[in-house]
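Letters go in sequence order (proteins before strands), and every chain restarts at 1. Note that the structure is predicted; figures quoted are calculated from it, not measured.
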Amino acid sequence: MRHSGLSLLRARARPPRTGILRALADGCSGRESGPGDRRGGGFRRGAMAVHAVRELLAGSVSAGAEVTVQGWVRTRRDSKAGMSFLHVSDGSCFDPIQVVAPNSLPNYAEEVARLSTGCAVVARGSLVASQGAGQTVEIAADAIEVVGWVDDPETYPVAAKRHTFEYLREIAHLRPRTNTFGAVARVRHCLSQAIHRFYHERGFFWVHTPIITASDAEGAGQMFRVSTLDLVNPPRTPEGSVDFAQDFFGRESYLTVSGQLNVETYCCALSKVYTFGPTFRAENSNTSRHLAEFWMIEPEIAFADLNDNADLAEQFLKYVFEALLSERADDMKFFAERIDKECVARVEKFVAASFERMTYTEAVAHLEKAVAKGKKFEFRPSWGIDLQSEHERYLSEELVGRPVVVMNYPKEIKAFYMRLNDDEKTVAAMDVLAPGIGEIIGGSQREERLEVLDRRLDEMHLPKEAYGWYRDLRRYGTVPHAGFGLGFERLILYATGMGNIRDVIPFPRTPGNAAF
RNA sequence: UCCUCGGUAGCUCAAUGGUAGAGCAUGCGGCUGUUAACCGCAGGGUUGCAGGUUCGAGUCCUGCCCGGGGAGCCA
């Protein structure tokens, strides 16, 4: 291959030029000579800027301009009028650009006419108004360089047609080349950026809580052990149990199931903080809503109570969804057309409507009233037991028809760190339930009173000595504070209407599956 | 982990216990400023794996593996 991968990378790595900057660059073509110029061989991008397909389709480049695009062939159609039509995608936006390759190109018969789905190409030509329907502009090609062929088109797993998601999961390394997974990747990026922007604009600090933790009592499910001990012949204590004192960290350690306990320490110093990082649960959960490795956002605010927490959750979700609607209209249009007709309307409604808020006690009353009216649940709702999936669905989908914040749950079914309410029966916990996915956010006001926290630890038979530093926060300048956790992939499910959480993360990790 | 449905060509799916098929994809030919193009021809199979019943099993039985949906756990 004549083309060096490095020069490709360099060319692509240039920051996008917009507005005046691009005008300067276009008018001063000498500045654009990059590594591509120094390559040998016949194809020279030379003085031309490499354009993202997004820029060309958005109309930010005027017709008649000389342009170069780099990308992968989606489809090739030949016309006996003496040309081939290539749809080339570079992933910068949903749509590919049409490249019209005349048979007068020197490599037409040898190369262009043999292009198949998946081939990597660099196309140079002028941007012109399209004669055909389906696109406003296209590239009348002067040159097409084939950078990477598809070995054997018959075995290329991603045909230009519909595939099932189950099949595409088996080729996770190639599925980003499909419409759906390209769109998911861009939506995922958009939401990630919007999340950071939301918190940054409000004075929150992003805190990098640890991935590895020695706290085996974070209380959120089964954990993955982290160890460098010899699994076959581990060191033993005189009593015969595994001697973790000889392990890497000198004690048992795990992958984190939550950054919350750690981020509380920074909350009680920087006031407004959040985490955004990977989280691990070793639960044997085989559902479309669970991953063993997922990303979680956990804001934590000081001098705040549960209502402040619910306000934050509502503003937060609305902000990132507004960003999604305005920045990824192309991808959202695709999801609405092919994946879930309701998704755009649902997100728009989400942004416009206020969240319903009710207490757990009220929620149970609603459910009992529904049962009295003949609603059938597999599990009978009753005060004191946790809400089942079917109950959560009824509340958000049928009763209210939009997100619901359920607050103040019985203390028996919630974690030790949640603040005990004055009734001594409930804690200041909240779940945000969204139609279609159920619990999208779980959070609480934290117990800031040391003596109450200790009482809760005792009640739940948790060892106080394991929570030394956590208890210190309550001894030294304690303040009311609150926070919540948002499962990032569940956010994407809700926004896009995708049905399975394994399809909104690049490389899903689930029980029995860590390929790729 | 439990319940339930499924596993047949590269992909999506048909096939009463009796010669294993179609569409798409791929290759070749035709036609065309094409756009999920269209028309014709061709190649392509250890029916998830292992046993069993039967003259005969893709089909029935047993076990296992893998996948979907639902539940639990949760985000």
Same-atom distance (P) from A20(B) to G58(B), integer angstrom:
9 Å
Decide if atom NZ of Lys425(A) counts as having more than 12 heavy atoms of other residues, nucleotides or ligands within a radius under 6.0 Å.
no
Which whole-number value in Å describes the distance from Glu390(A) CD to G72(B) P?
7 Å
Categorize Phe85(A) for me: base, sugar-phosphate, or nothing, with a 4.0 angstrom heavy-atom threshold over every strand shown.
base
Within 6.0 Å of CZ in Phe276(A), more than 12 heavy atoms from elsewhere:
yes
Once you apply a heavy-atom cut-off of 4.0 Å, does Gln131(A) come out as touching a base, just sugar-phosphate, or nothing?
base
When you measure from the centre of the six-membered ring of Tyr494(A), is the NZ or CZ of Arg346(A) under 6.0 Å away and within 45° of the axis?
yes
NA contact type, Arg393(A), heavy-atom cut-off 4.0 Å: base, sugar-phosphate, or nothing?
sugar-phosphate
Phe165(A) atom CZ is separated from G69(B) atom P, nearest whole Å, by 11 Å
Describe the nucleic acid contact of Asp78(A) in one word from base, sugar-phosphate, nothing, applying a heavy-atom distance below 4.0 Å.
base
Take atom CD of Glu337(A) and atom P of A36(B), then tell me their distance rounded to the nearest Å.
12 Å
Any idea which of A37(B), A75(B), C11(B) is nearest the Arg77(A) side chain?
A37(B)
Considering only atom C1', compute the distance from U59(B) to G18(B) and round it to an integer number of Å.
11 Å
Closest-nucleotide 5' rank along RNA chain B - winner of Pro511(A) and Gly487(A)
Pro511(A)
Report yes if a side-chain nitrogen or oxygen of Gln388(A) is closer than 4.0 Å to either non-bridging phosphate oxygen (OP1 or OP2) of G72(B); otherwise report no.
yes
Same-atom distance (C1') from A50(B) to C11(B), integer angstrom:
28 Å
Could you tell me how the ring of Phe198(A) sits relative to the ring of Phe316(A): parallel (under 30°), tilted (30 to 60°) or perpendicular (over 60°)?
tilted
Tell which nucleotide pairs with G72(B), taking only Watson-Crick or G-U wobble pairs whose two distances are both under 3.5 angstrom.
none
Taking only side-chain N and O atoms of Arg289(A), does any of them lie within less than 4.0 angstrom of OP1 or OP2 on A71(B)?
yes
Nearest-angstrom distance, P atom, C55(B) to G43(B):
37 Å
In whole Å, what separates the C1' atom of U19(B) from that of U62(B)?
29 Å
Using the side-chain heavy atoms of Met296(A), tell me which of these nucleotides is nearest: U12(B), C11(B), A75(B).
A75(B)
Looking only at atom P, what distance separates C49(B) and G10(B), rounded to whole Å?
13 Å
Judged by nearest nucleotide, the residue sitting upstream toward the 5' end of RNA chain B, Ser288(A) or Ser285(A), is Ser288(A)
Under 4.0 Å, counting only non-hydrogen atoms across every strand here, what does His163(A) touch: a base, just sugar-phosphate, or nothing?
sugar-phosphate
Separation between the P atoms of G67(B) and C73(B), rounded to whole Å:
23 Å
Using OP1 and OP2 only, check whether a side-chain N or O of Arg502(A) sits under 4.0 Å from G67(B).
no
Is Ser84(A) touching bases, backbone alone, or none of the nucleic acid, heavy atoms closer than 4.0 Å?
nothing
Nearest-angstrom distance from the residue atom CZ of Phe488(A) to P of C74(B):
24 Å
Assign Glu138(A) to base, sugar-phosphate, or nothing according to its heavy-atom contacts below 4.0 angstrom with the strands shown.
base
To the nearest angstrom, the CZ-C1' distance between Phe224(A) and C74(B) comes to 14 Å
Rounded distance (Å) that lies between atom C1' of G27(B) and atom CZ of Arg76(A):
11 Å
Looking only at side chains, do Gln388(A) and Glu392(A) share a donor and an acceptor under 3.5 Å apart?
no
So, is Ser389(A) close to the G72(B) phosphate, meaning a side-chain N or O under 4.0 Å from OP1 or OP2?
yes
Just to confirm, is there a sub-4.0 Å distance from OP1 or OP2 of U32(B) to any side-chain nitrogen or oxygen of Ser79(A)?
no
Which nucleotide, if any, forms a Watson-Crick or G-U wobble pair with G58(B), using both distances under 3.5 Å?
none
Pair partner, C38(B) [Watson-Crick or wobble, under 3.5 Å]:
G30(B)
Could you tell me whether Ile441(A) contacts a base, only the sugar-phosphate backbone, or nothing, with contacts defined as non-hydrogen atoms closer than 4.0 Å?
sugar-phosphate
Could you tell me whether Gly132(A) contacts a base, only the sugar-phosphate backbone, or nothing, with contacts defined as non-hydrogen atoms closer than 4.0 Å?
base
Determine whether more than 12 heavy atoms belonging to other residues, nucleotides or ligands lie under 6.0 Å from atom NE2 of His200(A).
no
Under 4.0 Å between a side-chain N/O of Arg490(A) and OP1 or OP2 of C74(B), yes or no?
no
Distance, P atom - from G17(B) to C13(B), rounded to whole angstrom:
22 Å
Atom-pair distance (CD1 on Ile413(A); C1' on C73(B)), nearest Å
14 Å
Once you round it to whole Å, what is the distance between P of U1(B) and CG of Asn284(A)?
5 Å
Using the six-membered ring for Trp and the full ring for Phe, Tyr or His, decide whether Phe294(A) stacks on the six-membered base ring of A75(B) (centres under 5.5 Å, planes under 30°).
yes
Across every strand shown, the nucleotide meeting Watson-Crick or G-U wobble geometry with U46(B) (both distances under 3.5 Å) is none
G69(B) phosphate, OP1 or OP2: any side-chain N/O from Asn500(A) under 4.0 angstrom?
yes
At their closest point, which heavy atom of Ser444(A) faces which heavy atom of Ala429(A), and how far apart are they?
CB-CA, 3.9 Å
If pairing means Watson-Crick or G-U wobble with both distances under 3.5 Å, then the partner of A20(B) is none
Using a 4.0 Å heavy-atom cut-off, does Gln98(A) contact any base of the nucleic acid, only the sugar-phosphate backbone, or nothing at all?
base
When you measure from the side chain of Asn286(A), which nucleotide among G33(B), A71(B), A75(B) comes out closest?
A71(B)
Is NZ or CZ of Lys272(A) both nearer than 6.0 Å to the six-membered ring centre of Tyr274(A) and within 45° of the ring axis?
no
Which label fits His163(A) and Tyr167(A): parallel for a plane angle under 30°, tilted from 30 to 60°, or perpendicular past 60°?
tilted
